[in-house]
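Written below as structure tokens is the structure these notes are about.
Below, read A as the first sequence line, B as the second, and so on, with proteins coming before strands; counting in each chain starts at 1.
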Number of protein chains: 2
Amino acid sequence: MTAVLVIEDDDRIRLALLLALEEEGYSASGAATAEEGLRRQREEPADHVLVDLMLPGLDGFECIRRLRRDDDVPIVVVSARDDTHDIVAALEAGADDYVVKPVAIKELSARLRALRRRGRVLTDAVPAQVFGDLEISAEAGEVRRAGRPVAVTRTEFRLLCELAEHAGRVLSRQQLLRRVWGYETGDERLVDVHVGRLRQKIEPDPANPRHLVTLRGLGYKLQR
Amino acid sequence: MTAVLVIEDDDRIRLALLLALEEEGYSASGAATAEEGLRRQREEPADHVLVDLMLPGLDGFECIRRLRRDDDVPIVVVSARDDTHDIVAALEAGADDYVVKPVAIKELSARLRALRRRGRVLTDAVPAQVFGDLEISAEAGEVRRAGRPVAVTRTEFRLLCELAEHAGRVLSRQQLLRRVWGYETGDERLVDVHVGRLRQKIEPDPANPRHLVTLRGLGYKLQR
DNA sequence: CGGCTTTTGTCATGGAACTGTCATACAACC
DNA sequence: GGTTGTATGACAGTTCCATGACAAAAGCCG
């Protein structure tokens with residue numbers, strides 16, 4: 001699980017953040033002072049650090065500099081002050097992002113994800129979408145069935161991704177033509193052909209598809 | 001010089017941003033539509049892209065997704081809308097940061113610097129990696145197959161390291177050109193040639209590569 | 001420097017894989 | 001049974017990739 005360390009002196013805000021982060025699926029821990037936070041990060045490094053700027057004793061800027069000195073953990077400043085000078089100073093000190101309180105937890109979570117993605121090399125995980133025995137990994141550019149890689153062409157891959165993105169929902173041939181091929185108009189049979197080819201590759205029994213199903217008169221959908 | 005591409009339909013804002021960025025020492029160019037921006041970035045990739053969300057035609061979110069599809073240039077959204085939903089959606093689409101207009105140029109500049117800094121961390125050296133019977137030691141600058149050292153040239157080594165660093169993930173020829181050769185643009189065949197030469201050296205059967213595989217239409221990847 | 005080797009980048013070619021169209025056969029619906 | 005919509009095999013045109021040949025550039029050494 002992704003661990004987050006929150007360095008913030010205001011108890012209420014710190015606890016609220018911790019709760020919200022855990023709600024979002026993070027493992028969160030807190031520190032009330034910069035010194036405490038630095039110690040925690042040294043002993044048991046988290047994957048992200050959130051820092052307030054106004055801290056008693058060692059201030060936020062110095063805290064960021066010290067964190068950065070022996071670690072390149074992503075640092076996000078969470079501050080009440082919306083002041084260009086502070087923002088610039090914090091970023092210069094080594095922070096990666098700066099958000100202003102009060103902050104929507106969804107935004108914070110999205111920003112943390114964005115930071116992780118930038119640093120994904122460090123955590124080399126390859127996310128994949130899973131549909132039963134079917135796995136689709138955009139990063140690896142491959143599709144697996146029952147763990148075995150299946151060779152699909154680029155068009156088939158895009159088609160599959162498009163269907164996967166809207167899993168469980170019907171997509172009309174027109175929509176697919178537009179989204180996969182970029183055609184504003186075109187022969188809808190084209191979609192049939194590619195769906196057929198895809199089925200040959202990803203369905204155990206292509207004649208009785210279980211994932212990539214036809215909805216007569218409507219289009220196709222991918223179901224789990 | 002660091003190049004920035006600004007995709008923004010409002011002429012006044014775009015020009016103001018361009019001027020301010022140049023003032024800050026960037027080489028800035030602008031595009032009034034997403035389509036234009038995507039074309040520019042394909043033809044002559046900038047180091048950063050700033051994009052507005054509300055664009056005529058293709059909207060900002062789609063623009064971000066397409067930019068992200070063939071490039072991992074840092075993308076910063078510059079939008080008038082300060083809405084959690086928009087922020088989350090933009091970051092999910094692949095943006096790296098989101099700032100609200102009107103934006104202080106100093107802050108923007110600091111955020112761009114922070115992004116660049118984070119990007120560099122990724123390209124740091126990696127210790128030895130093992131792919132089956134293939135060993136890559138970045139420190140020793142040496143490659144071994146089945147225990148025996150293999151003589152590879154500098155370019156081949158860099159190419160291999162780049163692929164190894166992103167093991168399991170597809171890297172497009174464009175990405176490789178940029179990361180290995182530092183070319184912002186160039187003939188993609190060049191990559192093919194070097195991949196071919198590398199295969200001659202590291203693959204038992206170069207015609208049927210097991211590690212350094214081609215993903216037609218996508219690029220190459222190194223797999224374990 | 002001057003000749004040599006190695007490495008690098010460009011180009012052309014052939015061949016493999018992919019795409020879209022079409023015709024035909026099949027299935028579902030009324 | 002007629003009609004409509006879908007599956008599928010075959011085919012030609014195209015795109016994409018591997019590879020060998022070659023020239024330019026870089027490195028090496030006397």
Selection from [options] that lies nearest to any side-chain heavy atom of [X]:
X	options	result
Arg197(A)	dT19(C), dA28(C), dT10(C)	dT19(C)
Leu190(B)	dT10(C), dA16(C), dT4(D)	dT10(C)
Gln200(B)	dC18(C), dA27(C), dT19(D)	dT19(D)

When all nucleic acid strands are considered with a 4.0 Å heavy-atom cut-off, which category describes Val193(B): base, sugar-phosphate, or nothing? base

Taking any heavy-atom pair under 4.0 Å as a contact, classify Gly186(B): base, sugar-phosphate, or nothing.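 Here Gly186(B) touches no strand at all.
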
If you compare every side-chain N and O of [X] against the phosphate oxygens of [N] (OP1, OP2), does one of them come in below 4.0 Å?
X	N	answer
Tyr220(B)	dC16(D)	no
Trp181(A)	dT19(C)	no
Thr153(A)	dT19(C)	yes
Thr214(B)	dC17(D)	no

base_contact_polar (dT7(C) base, Arg154(B) side chain, donor-acceptor, <3.5 Å): no

Base of dT21(C), side chain of Arg189(A) - is there a donor-acceptor contact under 3.5 Å?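 Between dT21(C) and Arg189(A), which were checked side chain against base, a qualifying N/O pair under 3.5 Å is absent.
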
Please figure out whether Val152(A) or Asp187(A) has its closest DNA chain C nucleotide nearer the 5' end.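 Mapping each residue to its closest nucleotide by heavy atoms, the 5'-most match is Val152(A).
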
Validation row: Lys221(B), His166(B) side chains within 4.5 angstrom (heavy atoms):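 Answer no - side chains too far apart.
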
Answer whether the closest heavy-atom distance between the side chains of Lys106(B) and Glu24(B) falls below 4.5 Å.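 When only atoms from C-beta onward are counted, Glu24(B) and Lys106(B) do touch, with a gap below 4.5 Å.
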
Within this structure, what is the CG-to-P distance between Leu198(B) and dG9(C), rounded to whole angstrom? 14 Å

